Amino acid sequence: MGSVDTVIRGRAHVYPRAHVNTDEIIPARYLNTHDHVELAKHAMEDIDPDFVKRVQPGDIVVGGEDFGCGSSREHAVWALRKAGISCVIASNFARIFFRNSLNNGFLSIECAGFADKAKSGDDLEVDLAKGVIRNHTQGTEHVFVPLTPFVQEMIAAGGLLPMVAKKRGTVYNPAIVAVKPDVRVSQIAPAK
Amino acid sequence: MPSPQTITEKILAAHSGRDTVRPGEIVNATIDLIVCHEVTTPPAIRMMAQMGVTKVFDPTKIVVTPDHFVPNKDIQTAELTKELRNWVKEQGIARYHELGEHGICHALVPEKGYILPGMTAICGDSHTTTLGAFGAFATGIGSTDVAAALTTGELWFRVPETIRFNVKGRLPHGVYSKDLILHIISKIGVDGARYCAMEYHGSAIAAMSMEARMTITNMAVEAGGKSGIMEADKVTTNYLKARTEEPYTIYRSDADAHYVATHEIDASALEPVVATPSLPSNGRFIGEIGHVVIDQAYIGSCTNARIEDLRIAAKVMKGRRVAQGVRALVVPSTSAVWRQALKEGLFEIFADAGCVISTATCGACLGGHMGVLGKQEVCISSTNRNFVGRMGHPEALVYLASPATVAASAIAGHIVDPREYLERPLRRDKEAGVPVGAIAGGGPGSEQEDYLWGV
């Protein structure tokens with residue numbers, strides 16, 4: 001993260017159905033952790049149990065309408081990204097998923113009807129500068145909804161947190177993990 | 001003259017230092033209330049550390065309660081709540097509600113008088129839209145947003161378009177606000193209000209209690225909405241009077257404000273609605289449902305487990321027994337609701353009927369714990385969402401309905417119209433061995449009926 005690749009290339013995993021929801025992307029039974037590696041093991045489990053076995057780094061998820069509807073769990077974005085997905089193309093997105101993906105500097109591309117034409121395994125290329133998706137397997141080109149200036153700024157910054165950190169004059173370091181809770185307990189005076 | 005605006009536009013303008021805002025614009029709005037729970041806040045705590053932030057912007061604007069997996073369902077959730085608890089102490093957040101004082105956050109926040117008209121409120125939870133019943137802008141966001149808002153006290157929003165719903169008439173006996181919202185979602189679809197604010201008006205809304213109203217705004221997200229909102233009125237101010245002395249500003253939509261769509265609904269024409277698997281938009285009137293045998297009946301969640309809901313369920317269940325082969329679960333939304341239900345004798349009614357009663361938790365609504373479904377099991381639920389895998393196994397089937405329909409179905413063993421259970425005089429239930437007096441001429445709403453039910 002941190003900069004926008006102008007071209008993203010990967011194989012398609014197509015789910016043309018409308019309303020693929022966050023309960024399918026990452027079932028709530030795995031929300032007892034926010035460890036991205038753990039979450040990634042269960043990405044898409046309830047819609048495609050073999051997804052994690054097939055997915056290769058850089059692959060692209062292609063969905064229908066209202067992709068990512070349901071719960072606000074950002075875990076859905078983390079699970080997909082950590083599983084190796086480079087971006088999601090869908091006819092349109094449910095708002096919280098869309099927001100979460102942009103906040104993470106993870107691309108959600110809107111292209112109506114694309115899921116009806118693409119096949120799983122197709123070699124796709126998203127050209128951000130030109131605003132097109134190329135399907136190399138089928139030899140087709142599709143125009144997607146242009147990213148708004150605000151979205152471009154957020155994606156270029158690598159997401160909301162680097163933006164906020166920059167504004168505050170601090171450095172965003174995603175390598176920092178939380179201090180272990182059991183260490184903290186002893187350091188905290190009990191509340192009055 | 002500023003251009004006419006909706007209530008949502010006015011609130012967002014006031015919080016971003018503007019006179020007016022337009023749908024589609026991106027604004028940076030100040031946040032009045034941030035609600036935190038143990039699933040989406042611990043990641044935000046880590047994110048703040050990643051930004052080098054050691055202090056939240058203002059601990060007095062934060063409310064915290066563990067709710068999803070309480071009491072801790074396993075070691076991992078125990079660690080999540082511990083992380084939340086330690087952070088609360090470290091940051092000096094006073095409005096923390098530990099077990100025993102806890103509740104599902106969207107039910108707890110109104111009950112404590114924390115949400116006020118005119119506020120902006122966020123929580124890393126999609127059902128935050130509930131709070132819009134108070135004339136506030138309230139929406140669900142992700143953990144990154146929580147981290148940004150906890151740090152800066154501000155957050156970016158795309159100003160939503162507004163869809164207006166005029167709900168005239170009055171809900172008939174046995175038909176509730178849950179039936180109304182399931183009906184609305186069935187009409188517009190699970191993405192019918194995508195990115196939009198859903199604004200409610202009309203005599204049917206005006207006649208509702210705050211509790212009933214919250215069921216409607218709660219489910220805005222099930223139509224893809226960014227928020228659900230209702231203008232504060234006398235019912236709102238009376239509810240708040242008993243809970244808070246904090247000042248607030250009431251905003252109203254201008255008469256000529258712009259709406260992307262306006263829907264006219266006659267509440268008087270509604271019947272009980274059930275949403276069939278596996279979309280909340282699959283709502284149908286009860287007469288079209290057919291014979292659906294159930295394994296479980298679940299009365300709980302931020303949608304329908306407030307005291308009014310439990311009273312209605314108890315009214316249906318009093319003197320009756322849950323059908324053989326059915327598990328009936330009652331999960332009050334907050335600890336205060338739990339205590340009130342105990343005081344009113346509702347738990348005795350539920351226990352006598354054969355229900356299991358739990359502490360307040362999101363629990364099985366999201367397939368967390370306390371009633372998760374197995375393969376191909378069928379559940380009728382007063383919750384908000386019936387997606388594949390939502391309450392457990394991906395092949396489990398979830399039907400959404402009002403607490404009355406859930407309670408009546410628990411008694412019948414299959415999905416039924418609750419009205420006959422609300423209206424029919426009680427019979428002696430031999431199996432239960434509960435002696436119950438039958439009444440003559442005690443129709444619905446009659447004095448005899450009230451006396452008999454005692455609730």
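Lettering of chains follows the sequences in order, A, B, ..., and the numbering in each one begins at 1. As a basis for the values below, the full set of heavy atoms in this structure was taken, side chains included, without hydrogen atoms, waters or symmetry mates. Not measured: the values here are computed from a predicted model.
Within the 4.5 angstrom heavy-atom criterion, only side-chain atoms of B:Leu279, from C-beta onward, approach chain A. With a 4.5 Å cut-off on non-hydrogen atoms, B:Leu366 touches chain A through its backbone and its side chain both. Residue contact with chain A, scored on non-hydrogen atoms closer than 4.5 Å, involves the backbone and the side chain of B:Arg390 alike. In this structure, chain B has a heavy atom under 4.5 Å from the side chain of A:Asn100, while its backbone stays farther away. For B:Thr139, the part sitting under 4.5 Å from any heavy atom of chain A is the side chain, from C-beta outward, and nothing else. A:Phe93 touches chain B through backbone and side chain together, each having a heavy atom under 4.5 Å away. Contact of B:Asp74 with chain A is made through the side chain alone, with heavy-atom distances under 4.5 Å. In this structure, chain A has heavy atoms under 4.5 Å from both the backbone and the side chain of B:Ile141. With a 4.5 Å cut-off on non-hydrogen atoms, B:Val39 touches chain A through its backbone and its side chain both. For a residue to count as touching a neighbouring chain, one of its non-hydrogen atoms must lie under 4.5 Å from one of that chain's; by this rule A:Ile96 touches chain B with the side chain only. Looking at A:Lys166, neither its backbone nor its side chain comes within 4.5 Å of chain B, counting heavy atoms on both sides. Looking at A:Met163, neither its backbone nor its side chain comes within 4.5 Å of chain B, counting heavy atoms on both sides. B:Tyr96 does not touch chain A: none of its heavy atoms, backbone or side chain, sits under 4.5 Å away.
Taking both residues in full, the closest heavy atoms of A:Pro174 and B:Gln50 are given as O-NE2, 3.1 Å, listed atom of the first, atom of the second, then distance. The nearest pair of heavy atoms linking B:Asp145 to A:Arg99 is OD2-NE, 2.8 Å. Closest of all the heavy-atom pairs between A:Asn103 and B:Trp156 is OD1-NE1, 3.0 Å. Nearest heavy-atom pair, B:Ser126 versus A:Ser71, reported as atom, atom and distance to 0.1 Å: OG-CA, 3.7 Å. Nearest heavy-atom pair across B:Ala148 and A:Val164 is CB-CG2, 4.0 Å. A:Trp78 approaches B:Met47 most closely through the heavy-atom pair CZ2-CE, 3.4 Å.
Of the listed residues (A:Met154, A:Arg73, A:Lys167), the one with the most heavy-atom contacts under 4.5 Å to chain B is A:Met154. Chain A forms the most heavy-atom pairs under 4.5 Å with one residue out of B:Gly367, B:Ser143, B:Gly389, and that residue is B:Ser143. Per-residue counts of heavy-atom pairs under 4.5 Å with chain A were compared for B:Thr40, B:Thr151, B:Thr128, B:Val221; the largest is that of B:Thr151. Of the residues considered (A:Pro27, A:Ala76, A:Gly70, A:Gly159), A:Gly70 shows the highest number of contacts with chain B, using heavy-atom pairs under 4.5 Å. Comparing A:His34, A:Arg29, A:Glu74 by how many heavy-atom pairs each has under 4.5 Å with chain B, the most go to A:His34.
Going from atom CG of A:Leu102 over to atom OG1 of B:Thr144 covers 11.0 Å, rounded to the nearest 0.5 Å. Rounded to the nearest 0.5 angstrom, A:Ile176 CD1 and B:Arg46 CZ are separated by 11.0 Å.
At least one donor-acceptor pair closer than 3.5 Å links the side chain of A:Thr170 to the backbone N or O of B:Met51. No donor-acceptor pair closer than 3.5 Å links the side chain of B:Gln76 to the backbone N or O of A:Thr33.
Scored by the side-chain hydrogen bond (donor to acceptor under 3.5 Å, both in side chains) test, B:Asn28 finds B:Glu154 as partners (sequence neighbours excluded). Looking at residues two or more places apart in sequence or on another chain, you find no side-chain hydrogen bond (donor to acceptor under 3.5 Å, both in side chains) involving B:Asp191. The side-chain hydrogen bond (donor to acceptor under 3.5 Å, both in side chains) check on B:His106 picks up B:Asp125, with sequence neighbours excluded.
A:Phe98 and B:Tyr195 have perpendicular rings, their planes meeting at more than 60° on a 0 to 90° scale where under 30° would count as parallel.
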- Query: Between B:Leu155 and A:Leu160, does a side chain to side chain contact (heavy atoms under 4.5 Å, CB included) hold up when you go through it step by step?
  - Reply: CA-CA 10 Å; B:Leu155 200 57; A:Leu160 183 60; 4.2 Å; yes

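Counting only N and O atoms by type, the side chains of A:Thr148 and B:Arg158 include no donor and acceptor under 3.5 Å apart.
Atom NZ of B:Lys73 has more than 12 neighbouring heavy atoms from other residues, nucleotides or ligands inside a 6.0 Å radius. Other residues, nucleotides and ligands place no more than 12 heavy atoms under 6.0 Å from the CZ atom of B:Arg22.
Applying a 4.5 Å heavy-atom cutoff, the residues of residues 10-25 of chain A that approach chain B are A:His19, A:Asn21, A:Asp23, A:Glu24.
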